[in-house]
Structures are given as structure tokens and as C-alpha cells.
Amino acid sequence: MKIHIIGAGPGDPDLVTVKGLKLIEQADVVMYTDSLVNTELINKAKQGAEIIKTAGMHLEEMVDMMINRVKAGKKVVRVHTGDSAVFGAIMEQIALLKEAGIDVEIVPGVSSVFASAAVAGAELTIPDLTQTVILTRAEGRTPVPEREKLKDLAKHHCTIALFLSATLTKKIVKEFLAADWHEETPVVVVYKATWPDEKVVRTTIGKLDEAMRVNGIRKQAMILAGWALDPSIHEKEYRSKLYDKEFTHSFRKGVKA
Ligand SMILES: C[S@@+](CC[C@H](N)C(=O)[O-])C[C@H]1O[C@@H](n2cnc3c(N)ncnc32)[C@H](O)[C@@H]1O
């Protein structure tokens, strides 16, 4: 007995994996987070498949539905937005499914962080500038662990991707400034990356809060911050070792002068 958890990708139904799509097409039951997953993707389910929206359900209610249907011999897929490994709340589902003797196979998806970087035309790890990306969220009603406060994470001055934080920009700015970020540090906010009503807002740490207000963005936004997001980064002299002609690796011998 097995359930597949599938990453739907950020919105564009073409951004699901081939494997994820095949599983959706073959499923008898498709359960999905209707607030975030594109119904165009869910409509690829076969005729007669049972489609269940889960946004209004609590955990036990949802997992009971999965268990009953799998036990009745049905192919059940659970479709999550982006990639389920990031803020997907899947572990609590997996725990109950395992308890019921049901295996879970996870099919990865394109997370909104990578879709947003793509939309912004950005590389998040620029050689000699930053080689680290922190995926996190600002602390709001839901706390973050003591050792993961934004002002402490921001001390690394690397690229920071903030999920679930669109209404917390005043606080974000304060924490970044407390970690000695410059007001001019570039920020890209992507609202609903890859959806038809996507919006890309280029701003800076100093102007972030105002930019969110002016653009009316209060949810479904990815905030990418750091010098890697500098819109003129391509004019600068950052080069990777990977394509450096002097640098050899197992797939390429160095070019002799
Ligand atoms: C519950 S989390 C789920 C994240 C998801 N697992 C992922 O990998 O993208 C929801 C948050 O992800 C971000 N998000 C999800 N889809 C997005 C999109 N299409 N564009 C921008 N941000 C998105 C927003 O920050 C939103 O508040």
C-alpha cells in the first residue's frame, strides 16, 4: 500500500515533472491543496477520478481519507505546491500514514524559490560573491527556532530566500539592517511566479516595505535578497571555476597557453 506525494511546481502546469504528471493521470484519487495548486494540472486526472480539495481540512480528516481509499485498493496521489520538502507540512501526514502501514513515495517538484529565481533571471550562487542560499521565513504568528532568527541568519550576507513572509517586510528590513546589510542591497519579490498574474518587483532592502505596499503584495510572494540579485551582476567580473579554461576537472583537461 503506497501513496505518492507529488510536487506540483510553482503554478504553470507545464512545470510538474513527467513522473508527477504520469502519476496524476493514472490516479483514482487526487487530493490537492486547492489554495495553491493550479487546477489546470489537476484537470489532467483521468475521467472519473475522485478529486478532493484539502485546503479546508484538518490533518486527521485528510489523512483518514487517504488511508480509507488506499485500503480500498485505489491509487491515491497527494499534490503539494512547489516542492513538498520546503514548508510542505508533509512529515505530519507521513507519520500518520506510516502508522497505518502505508508507504509514501515523494516525487519532487520545482519549488517557488527556483521558479522565482528563473523569472528574475538570477543565479543565486555567484562565484566569489556568495556560495550559499538560505531558505527560511520571517517570524510572524508562527515562531522560528531561537537559533534561526533572521538577524542571525542574515549575518552570513549570502542570498536569502524568504517564504511565507509577504506581510512581514517591516520586520524583515529591521532584521537585515541589524545584520549590517546595506539599504541598497538588491531584493527581488516575485508574486505568483509562473502564474498568468505573476508580478516581479525589483527593489532594495531600504525600499522593500514600500514596494510591497505600492504593489499590493500581501501573499504568495517569494522574497529573494542579496547582492546576487543585483540586476547588473552580469556586467561584473564574477566567473566560476567550472568553465575557467585554466581549471581542470574530470570532464575537461586544462587549456595550455
Ligand atoms: C506553504 S509555502 C509552500 C512552498 C512550496 N512547498 C514551494 O516549494 O514553493 C507557501 C509559500 O511559498 C511561496 N510560494 C509558493 N508558490 C509561489 C509562487 N508561485 N510564487 C511565489 N511564491 C510562491 C510563498 O512564499 C508562499 O507564501
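Only this structure's heavy atoms are used, side chains among them; waters, hydrogens and symmetry mates stay out. Position 1 is the first residue of the sequence; numbering continues from there. Just so you know, these numbers come straight off a predicted model, no measurement behind them. For ligands, and for the atoms within them, numbers begin at 1 and follow the listed sequence.
Between E25 and K46 there is no salt bridge, since no side-chain nitrogen of the basic residue lies less than 4.0 Å from a carboxylate oxygen of the acidic one. A salt bridge links K236 with D230: the distance from a Lys NZ or Arg NE/NH1/NH2 to an Asp or Glu carboxylate oxygen falls below 4.0 Å. Salt-bridge formation is not detected for the pair K75/D28: no Lys NZ or Arg NE/NH1/NH2 atom is positioned less than 4.0 Å from an Asp or Glu carboxylate oxygen.
Of the N or O atoms in G82, none lie within a sub-3.5 Å distance of an N or O in ligand 1. Checked by distance only, ligand 1 and S165 stay at 3.5 Å or farther apart across all their nitrogen or oxygen atoms. Polar contact check, S111 against ligand 1: a nitrogen or oxygen pair lies under 3.5 Å apart. Here's the thing with L162: none of its N/O atoms is less than 3.5 angstrom from an N/O atom of ligand 1.
Closest to atom 12 (O) of ligand 1 among all protein heavy atoms lies F163 CD2, 3.5 Å. Here the protein heavy atom with the shortest distance to atom 10 (C) of ligand 1 is L164 CD2, 3.8 Å. Protein heavy atom at the shortest distance from atom 19 (N) of ligand 1 is P10 O, 3.0 Å. Looking at atom 14 (N) of ligand 1, its nearest protein heavy atom turns out to be S112 OG, 3.2 Å. Among all protein heavy atoms, the one lying closest to atom 3 (C) of ligand 1 is F87 O, 3.6 Å. The nearest heavy-atom contact from the protein to atom 20 (N) of ligand 1 is A193 N, 2.8 Å. Shortest contact from atom 4 (C) of ligand 1 to any protein heavy atom: V86 O, 3.6 Å. The shortest contact between atom 5 (C) of ligand 1 and any protein heavy atom is with T81 O, 3.4 Å.
In this structure, the separation between CE on M57 and CE on M65 is 4.0 Å, given to the nearest 0.5 Å. To the nearest 0.5 Å, atom CG of residue L41 and atom CD1 of residue I24 are 4.0 Å apart. Between D64 atom CG and L59 atom CG the span is 9.0 Å, to the nearest 0.5 Å.
For E61, the CD atom sits in a packed shell: over 12 heavy atoms of surrounding residues, nucleotides or ligands are nearer than 6.0 Å. Counting non-hydrogen atoms of neighbouring residues, nucleotides and ligands closer than 6.0 angstrom, the NZ atom of K22 reaches no more than 12 such neighbours. Enclosure of atom NZ in K149 by more than 12 non-hydrogen atoms of other residues, nucleotides or ligands within 6.0 angstrom is indicated. Within a 6.0 Å sphere centred on NZ of K199, other residues, nucleotides and ligands contribute more than 12 heavy atoms.
The proximity of Q220 to ligand 1, defined as any non-hydrogen pair under 4.0 Å, is limited to the backbone. Both the backbone and the side chain of M222 come within contact range of ligand 1, each with a heavy atom under 4.0 Å. At a 4.0 Å heavy-atom cut-off, ligand 1 touches A221 through the backbone alone.
Contact annotation: T194 has no heavy atom less than 4.0 Å from any atom of ligand 1.
Those atoms of ligand 1 that come under 4.0 Å of a heavy atom in V190, given as number and element, are 21 (C). Ligand 1 places these atoms under 4.0 Å from at least one heavy atom of W195: 19 (N).
Between the T204 side chain and the K207 main chain, a donor and an acceptor come within less than 3.5 Å of each other.
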